[in-house]
Number of protein chains: 2
Amino acid sequence: MRNEVRRLRAARGLSQQALGVALGVSRQTVNAIEQDRYDPSLPLAIRIARHFGLTVEEIFHVDDA
Amino acid sequence: MRNEVRRLRAARGLSQQALGVALGVSRQTVNAIEQDRYDPSLPLAIRIARHFGLTVEEIFHVDDA
DNA sequence: CATGGATGTAAAGTAAGCTTTACATCTCCA
DNA sequence: TGGAGATGTAAAGCTTACTTTACATCCATG
């Protein structure tokens, strides 16, 4: 799964740390998601989408199906 | 997190088994999600939403935030 | 130069998502 | 009546999501 998190975060001038705090996760988690090392849980994905005022599907793109 | 999976599945006359097959998961997984025993992973949530022609946010509702 | 902020990454541990196998209950229908 | 399909649930096992701690690198700026 690819995602737009890095782009959205950078566009707002936030650090990974700051975004992590806003989302209630560690900066390592933000980093891992941005680099596609793993997918966020569903509740975290929904919080991310809300944070950026977008839908989950606008931020997270399934490669295969 | 609450969700509309049972309602949507029943409206289409599908068994948990049939939905599981369509989604690529076991019927126990469908059952557990319908009963809020745990949240689906993000990729599974996206597949569910697609299956029903809805968005993730239309199907999965975060209680708290 | 050196200090600090931002990022990348790794290891160890816990919790959550999902599987298979198995059993129990209920309902419907031949 | 009894067999089948649908559902609920549990245990054991594997993988993934996330944490904390820790260290390394890269820039920018005093």
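By convention in this document, chain letters (A, B, ...) are assigned in the order of the sequence lines, proteins followed by strands, and residues within each chain are numbered from 1.
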Starting from P on dC18(C), measure out to CG on D36(B) and report it in whole angstrom.
14 Å

Do L42(A) and V62(B) belong together in a cluster built from hydrophobic side chains that touch within less than 4.5 Å?
yes

If only atom types and distance count, is the side chain of R27(B) paired as donor or acceptor with the main-chain N or O of Q16(B) below 3.5 Å?
no

Heavy-atom donor-acceptor pair, E57(A) side chain to V56(B) backbone, under 3.5 Å:
yes

Can you tell me how far apart CG (L23(A)) and CD1 (I33(A)) are? Round to the nearest 0.5 Å.
8.0 Å

In this structure, which one of R6(A), R2(A), R7(A) forms a salt bridge (charged side-chain N to carboxylate O under 4.0 Å, His left out) with E4(A)?
R7(A)

Where do L8(A) and H51(A) land on the side-chain contact (heavy atoms from CB on, under 4.5 Å) test, with the steps shown first?
CA-CA 10 Å; L8(A) 294 165; H51(A) 184 83; over 6 Å; no

Quick one: which of V30(A), L54(A), V5(A) gives a side chain to side chain contact (heavy atoms under 4.5 Å, CB included) with I48(A)?
V5(A)

In the structure I gave you, are the side-chain heavy atoms of D39(B) and P43(A) within less than 4.5 Å of one another anywhere?
yes

Could you pull out the protein-nucleic contacts involving nucleotides 28-30 of chain C (nitrogen or oxygen on both sides, under 3.5 Å)?
none

When you check every protein heavy atom under 4.0 Å of nucleotides 7-21 of chain D, what one-letter string (B, S, -) results, 5' to 3'?
BBBB------SBBBB

